[in-house]
Amino acid sequence: MTNAIPFVQIRNLKMHFPVTEGVVIQRTTAHVKAVDGVSFEIPKGETLGLVGESGCGKTTIGRCILQLETATEGEILFEGIDLTQLSQKELVPTRAKIQVIFQDPYSSLNPRMKIGNMLDEPIRVHGIITDKVKRKERVRELLSICGLDPRFSDSYPHEMSGGQRQRVGIARALALNPEFIICDEAVSALDVSIQAQVINLLEDLREQFNLTYLFIAHDLSVVRHISNRVAVMYLGKLVELAEGNELFDNPSHPYTRALLDAVPIPDPQAEAERAHSVIQGEIPSPMNPPSGCVFHPRCPLAVDSCRNEIPEFRQTKTGHWVACNQI
Amino acid sequence: MATLLQVRNLTTQFFTSSGTVRAVDNITFDVDEGETVAVVGESGCGKSVSALSILRLVPWPPGKIVGGSINFMGQDLLEMSNDDIRRVRGREISMVFQEPMTSLNPVLSIGLQLTETMQHHLGLSPAQALKRAAELLEMVGISEPKRRLAQFPHHLSGGMRQRVMIAVALSCEPKLIIADEPTTALDVTIQAQILELMKDLTKRLGVALVVITHNLGVVARYADRVNVMYAGKIIEMGSAQQIYHQPHHPYTLGLLASVPRMDQPRGTRLIPIDGQPPDLTRLDGGCAFRPRCRFAVDRCAQEFPPLENIDSGHVSACWRVKEINELKNAS
Ligand SMILES: Nc1ncnc2c1ncn2[C@@H]1O[C@H](COP(=O)(O)OP(=O)(O)OP(=O)(O)O)[C@@H](O)[C@H]1O
Ligand SMILES: Nc1ncnc2c1ncn2[C@@H]1O[C@H](COP(=O)(O)OP(=O)(O)OP(=O)(O)O)[C@@H](O)[C@H]1O
Ligand SMILES: [Mg+2]
Ligand SMILES: [Mg+2]
C-alpha cells in the first residue's frame with residue numbers, strides 16, 4: 001500500500017472565488033475561501049464520505065477534481081497524474097473515467113433532450129457501443145437498474161419527478177463505465193426505499209467493477225452506511241478524517257460531535273425524549289474566516305490560544321486525523 | 001384549532017402521448033392552523049404534483065386538475081379567478097420548491113428576488129425591503145447577508161440556494177407554507193435550525209406547514225400528522241406516533257424498514273421494497289401496491305381498498321388491515 005501510487009490524491013487544494021461589486025466596472029472586494037488547503041487520498045475501490053456544513057466547500061472540491069473550476073492552488077492527482085497540469089486535449093481520456101452525479105439534477109439535464117437520447121449520446125460518442133440496437137438495449141438496462149421504467153426513454157426531464165430526474169443523473173454517470181464517481185448528494189432526492197435500492201446498486205457496482213467513490217452527502221446515516229472512510233469539513237478545511245466505525249463511534253472534533261448529535265432519529269418517541277442542542281454562535285463567513293481555528297467562535301472547548309493558532313491536521317490514532325488542539 | 005385547508009377528492013392528471021398519467025388520484029386531507037402535516041411516499045407517487053395543484057401551478061398542457069375541491073379559509077381555490085389565486089400565492093400560501101435552481105431566476109440577484117415579492121405583496125419601499133431581506137437571510141443562517149444579496153444564484157452553494165428559497169417563502173408571513181423537500185440540501189445542524197424556525201412560526205403565529213419529505217427522522221421530530229402516499233393515492237394517514245409505532249399498510253411497513261439508521265450496525269445491507277414503482281399510466285382498478293406486496297391476495301387485484309378506520313385519526317387502505325399485525329409478526 002505504502003509504495004503504490006494512490007488512485008486519487010488531493011494535495012493542499014485551494015479554491016478562492018473573487019467577490020465583485022459594481023455594475024459597470026466590477027471591482028474585486030473580497031474572496032470566498034471556498035476550499036482552503038484540503039488534502040486527502042482515496043485508494044482504488046474505496047468510498048470516501050465527505051460531509052460538512054452547507055456552504056463549506058464540498059461541491060467545489062468535486063468541481064475542482066472534474067476540472068470545472070481552475071483551482072487557485074494545489075494538486076489533483078489521478079493515478080499519479082496531476083490533472084491541473086494537463087491541456088484540455090490531454091484531459092479527455094482521463095475525464096471519461098471520472099463521472100459525476102450532480103447535486104441539482106434539473107439544472108444538469110438538457111431540458112430539450114429526451115432521456116433516451118441523453119443516455120445514448122455519450123455511449124455513441126465515446127464509441128463504447130457502436131451498434132444502434134445494442135445501444136438502445138443498454139439504455140433500457142441503465143434505466144431499469146436505476147429503478148426507472150424504460151418508458152421514460154421518451155420523456156423529457158420536466159415530465160419527471162425530482163427523484164426520477166436524480167436517477168437519470170445516476171444512469172448517465174454509469175453509462176460510460178467510469179472508474180471514479182463523484183456523488184454529490186446523489187441519493188438525497190430519493191425516498192428511503194428507492195434510496196436503499198440505489199445505495200445497494202452503488203455498492204454492487206463498486207464490488208463488481210472496483211469503482212471508487214467520493215460520496216458527498218448530508219444524510220449521515222447514508223454516509224455511514226456506504227463509506228469506508230469519512231472526512232468532515234468545516235469552512236473550507238478538513239477538521240476530521242477517520243475510518244467509518246471509528247468516526248461515528250469516537251468522533252473527536254467538536255464540530256463532528258455537534259453534527260452527529262443533530263441527526264434526527266426516525267422514531268417520534270425517541271425524538272421527543274431526547275435533548276436537542278443546536279450549535280451556538282454566529283455562522284462564520286468564508287469571505288472573512290475567523291483567525292486561528294476556524295471553528296473557535298462556536299466551539300464549546302475553545303480557549304484563548306484557539307483564536308491565534310491554526311490547529312495542525314494530525315493523527316491522534318492510526319488513521320484518525322483531527323484538526324483540534326484541545327484533544 | 002380551526003381547519004385552514006380542506007382538500008377533497010383532488011385528482012390531477014397529465015395527458016401525454018404515452019397515456020394519461022394519474023399523478024394525483026382522489027386524495028382527501030385537512031390541515032389545521034398551527035399544524036405540521038408531513039407527506040411521505042415513494043419517488044414519483046404524486047407528492048409534488050399534489051402541492052402544485054393546491055396552488056394551481058400544474059402546467060397545462062399536459063397537466064390538469066380534473067376533479068375535487070380545495071377549500072382555504074372559506075374559499076375554493078379551484079374556483080378562484082386567476083387574479084385572486086395570484087394574490088393568494090406568496091401572500092397567504094407560499095411554497096418552497098423541490099429544486100431551488102429551477103425556481104430561482106439565474107439572472108437576478110438574490111436581493112432582487114427577495115425584495116420583489118415583499119414590495120409587491122407588503123407594499124414595502126425598496127430600502128425597507130432590502131433591510132428585511134438581509135434579516136431574512138440572517139434568520140436562515142447565511143452569513144454576511146448584505147454581500148450575499150448582491151450575488152447571483154450560481155455563486156451560492158446548493159444548501160444556500162435552498163435557504164434563499166425558504167427566506168422568500170417566509171418573507172410575506174403566509175398562513176400556510178408548503179415546503180417540498182425543504183432541507184434535502186442542508187446539513188443536519190442547519191436543517192435543525194431551519195425546521196426550528198418554521199416550527200416556531202407555527203407555534204407563535206399559527207402558521208400551518210405541509211412538509212413533503214422523505215427524511216423520516218425529520219418527520220418523527222416535527223410532524224403532528226403524516227400522510228403516506230403511494231401511486232397518487234393517500235394509503236395511510238395518522239399521527240406521527242401512530243404511523244411509526246402502529247403502521248397499518250404494507251407499504252408503510254416497507255418504507256420504515258428501508259431507512260438506514262444510526263443505531264444499527266454498519267455494513268448491514270439495506271432492505272429496499274422489492275420491485276419497481278408502478279407506471280402511473282397503467283393503473284387498473286386494484287391496489288397499485290399489490291405486485292410488490294408480501295401479503296397480497298386475489299381481492300387486491302379486483303378492487304381498490306377504501307381507507308379503513310383503525311384508531312382515532314388513523315386510517316389505512318388495505319384489504320388485510322385487520323390482520324396486518326399478525327402478518328407482520330409471522331414474516
Ligand atoms: N462560482 C462561484 N463564485 C463565487 N462563490 C462561489 C462560487 N461557487 C461556490 N462559491 C462559494 O463557495 C462556498 C462553498 O460552496 P460549495 O458549493 O462548495 O458548498 P457545499 O459544501 O457544496 O455546500 P452545500 O452543502 O450547501 O451544497 C460558498 O460560500 C459559495 O457561496
Ligand atoms: N409534466 C409532466 N408530464 C407528464 N408526467 C408528469 C409531469 N410532471 C409529473 N409527472 C409524473 O407525475 C408523477 C408524480 O410526480 P411528482 O413530481 O408529484 O412526484 P413526487 O412524489 O414529488 O416524487 P419525488 O419524490 O421524486 O419528487 C410522476 O410519475 C411523474 O413522472
Ligand atoms: Mg454542494
Ligand atoms: Mg417531488
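Just so it is clear: chains get the letters A, B, ... in the order the sequence lines come, proteins before strands, and each one is counted from 1.
Proximity to chain A is absent for every atom of B/Leu52, based on heavy atoms less than 4.5 angstrom apart. Looking at A/Ser155, neither its backbone nor its side chain comes within 4.5 Å of chain B, counting heavy atoms on both sides. Using a 4.5 Å cut-off between heavy atoms, A/Ser193 touches chain B through backbone and side chain atoms alike. Contacts of B/Glu196 with chain A are absent, with no heavy-atom separation under 4.5 Å from either backbone or side chain. Using a 4.5 Å cut-off between heavy atoms, B/His155 makes no contact with chain A at all. Contact of A/Leu260 with chain B is made through the side chain alone, with heavy-atom distances under 4.5 Å. In this structure, the portions of B/Ser258 lying under 4.5 Å from any heavy atom of chain A include both its backbone and its side chain. Of the two parts of A/Phe102, neither the backbone nor the side chain holds a non-hydrogen atom closer than 4.5 Å to a non-hydrogen atom of chain B. Proximity to chain B (any heavy atom under 4.5 Å) is shown, for A/Ile265, by both the backbone and the side chain. Interface residue A/Asn288: backbone and side-chain heavy atoms are both found under 4.5 Å from chain B. Within the 4.5 angstrom heavy-atom criterion, only side-chain atoms of B/Gln98, from C-beta onward, approach chain A. With a threshold of 4.5 angstrom between heavy atoms, A/Leu259 approaches chain B through its backbone and through its side chain. Using a 4.5 Å cut-off between heavy atoms, A/Asp204 touches chain B through its side chain atoms alone. Only the backbone of A/Ser227 comes within less than 4.5 Å of a heavy atom of chain B; no side-chain atom from C-beta onward does. Both the backbone and the side chain of A/Gln269 come within contact range of chain B, judged by heavy atoms closer than 4.5 Å. Using a 4.5 Å cut-off between heavy atoms, A/Glu203 contacts chain B through its side chain alone, with no backbone atom that close. B/Gln241 touches chain A through backbone and side chain together, each having a heavy atom under 4.5 Å away.
Using a 4.0 Å cut-off between charged nitrogen and carboxylate oxygen, A/Arg151 and B/Asp279 count as a salt-bridge pair. Residues A/Arg298 and A/Glu53 are paired through a salt bridge, judged by an N-O separation under 4.0 Å between the basic side chain and the carboxylate. Note on B/Asp25 versus B/Lys233: salt bridge recorded, some NZ/NE/NH1/NH2 to OD/OE distance being below 4.0 Å.
Aromatic ring centroids of A/Tyr234 and A/His253 lie 6.0 Å or more apart.
At least one donor-acceptor pair under 3.5 Å links the side chain of B/His214 to the backbone N or O of A/Leu190. Between the side chain of A/Glu69 and the backbone N or O of A/Cys64 there is no donor-acceptor pair closer than 3.5 Å.
For the residue pair B/Glu181/B/Thr184, the side-chain donor-acceptor check at 3.5 Å is not satisfied.
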